[in-house]
Chemist: 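Could you have a look at this structure, given as structure tokens, before my questions?
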Amino acid sequence: MESTVEAHVERVKDRLRTGREAIAHLTVIATYDFEGAKPDMEQITVPPPLADDAFYVATDERDPDALQVISDAGAIMMSDLLTMEDRRAFGWPLMITDVLALVEQALLVHSAFFYGHGMSSLAGVITNLRAARGADPRTMLLD
């Protein structure tokens, strides 16, 4: 969304700061207008992320230099989370992009705050799954 990776990372971090503030002020949980949605009370019983916490980034970026910029800004990506033990325990299915995408979706659905691009099909999936989970709409931003 920005002209450089550095500017884009700053945009993301700005949106995450806004999200952290929204989470910090949640006292009553609302839900999306989704049939059968029950508020996920964890959103007000678990402390919000701290200002200097690392943040998760789901990206299809492949340029090593861009990935390094993102990582240096405090981001954690799937490659940081998967250990050699995970790879050994789950084998080839864990190496398949579709399987990793499902793991990543589960992570994003349960995140304290989600920020995504409005044109992304992944962001749409995460929105729907968060709604079904009972996430408060204020814990997510699409732009």
Chemist: Under 3.5 Å, is there a donor on one side chain and an acceptor on the other for Tyr32 and Asp136?
Modeler: no
Chemist: Within the side chain of Ser111, is there an N or O that forms a donor-acceptor pair under 3.5 Å with the backbone of Leu108?
Modeler: yes
Chemist: Out of curiosity, does Phe34 fall in the hydrophobic cluster containing Leu142 (side-chain heavy atoms, cut-off under 4.5 Å, transitive links)?
Modeler: yes
Chemist: Are the side chains of Met78 and Val103 in contact, using a 4.5 Å heavy-atom criterion?
Modeler: yes
Chemist: Using a 3.5 Å distance criterion without hydrogens, assess whether the side chain of Thr139 forms a donor-acceptor pair with backbone atoms of Ala135.
Modeler: no
Chemist: Mind listing the closest non-hydrogen atom pair of Ala37 and Ala131 along with its distance?
Modeler: CB-O, 3.8 Å
Chemist: Tell me if the CG atom of Asp63 is crowded by more than 12 foreign heavy atoms within 6.0 Å.
Modeler: yes
Chemist: Would you find a donor on one side and an acceptor on the other, under 3.5 Å apart, between the side chain of Glu2 and the backbone of Thr4?
Modeler: no
Chemist: Show your reasoning for whether side-chain contact (heavy atoms from CB on, under 4.5 Å) applies to Thr18 and Tyr115.
Modeler: CA-CA 10 Å; Thr18 301; Tyr115 168 63; over 6 Å; no
Chemist: Could you check if a side-chain atom of Met77 sits within less than 4.5 angstrom of a side-chain atom of Thr59, using non-hydrogen atoms only?
Modeler: yes
Chemist: Is a side-chain donor or acceptor of Asp86 paired with a backbone partner of Thr83 at a separation under 3.5 angstrom?
Modeler: yes
Chemist: What is the minimum heavy-atom distance between Ile23 and Ala112, and which atoms define it?
Modeler: CD1-O, 3.3 Å
Chemist: Quick check on side-chain contact (heavy atoms from CB on, under 4.5 Å): which of Glu6, His8, Lys13 does Glu10 satisfy it with?
Modeler: Lys13
Chemist: Donor-acceptor pair, distance only, cut-off 3.5 Å: does the side chain of Gln43 make one with the backbone of Gly134?
Modeler: yes
Chemist: Just how far is it from atom CG of Leu129 to atom NE2 of His110, taken to the nearest 0.5 Å?
Modeler: 8.5 Å
Chemist: Is there a path of hydrophobic side-chain contacts, each under 4.5 Å between heavy atoms, that joins Leu26 and Leu16?
Modeler: no
Chemist: Is it the case that more than 12 heavy atoms not belonging to Asp33 sit under 6.0 Å from its CG atom?
Modeler: no
Chemist: Working to the nearest 0.5 Å, report the span between CG of Leu141 and NE2 of His117.
Modeler: 11.5 Å
Chemist: Group every Ile, Leu, Val, Met, Phe, Trp and Tyr by side-chain heavy-atom contacts under 4.5 Å, then state whether Ile29 and Phe113 land in the same group.
Modeler: no
Chemist: Under 3.5 Å, side chain of Asp53 to main-chain N/O of Leu50, donor-acceptor pair present?
Modeler: yes
Chemist: Taking 4.0 angstrom as the limit, do Asp40 and Arg130 come out as a salt bridge?
Modeler: no
Chemist: Quick check on the hydrophobic clustering: are Leu67 and Val5 connected, directly or via other members, by side-chain heavy-atom contacts under 4.5 Å?
Modeler: yes
Chemist: Is any side-chain heavy atom of Phe55 closer than 4.5 Å to one of Ile76?
Modeler: no
Chemist: Answer yes if Phe114 and Leu100 sit in the same cluster of Ile, Leu, Val, Met, Phe, Trp and Tyr residues linked by side chain heavy atoms under 4.5 Å apart, and no otherwise.
Modeler: yes
Chemist: I'd like to know if the side chain of Ser120 reaches the main chain of Gly116, judged simply by a donor and an acceptor atom lying under 3.5 Å from each other, with no hydrogens or angles considered.
Modeler: no
Chemist: Any chance you could lay out the side-chain contact (heavy atoms from CB on, under 4.5 Å) test for Gln105 and Leu122, step after step, and finish with the verdict?
Modeler: CA-CA 8 Å; Gln105 287 174 22; Leu122 173 65; 3.7 Å; yes
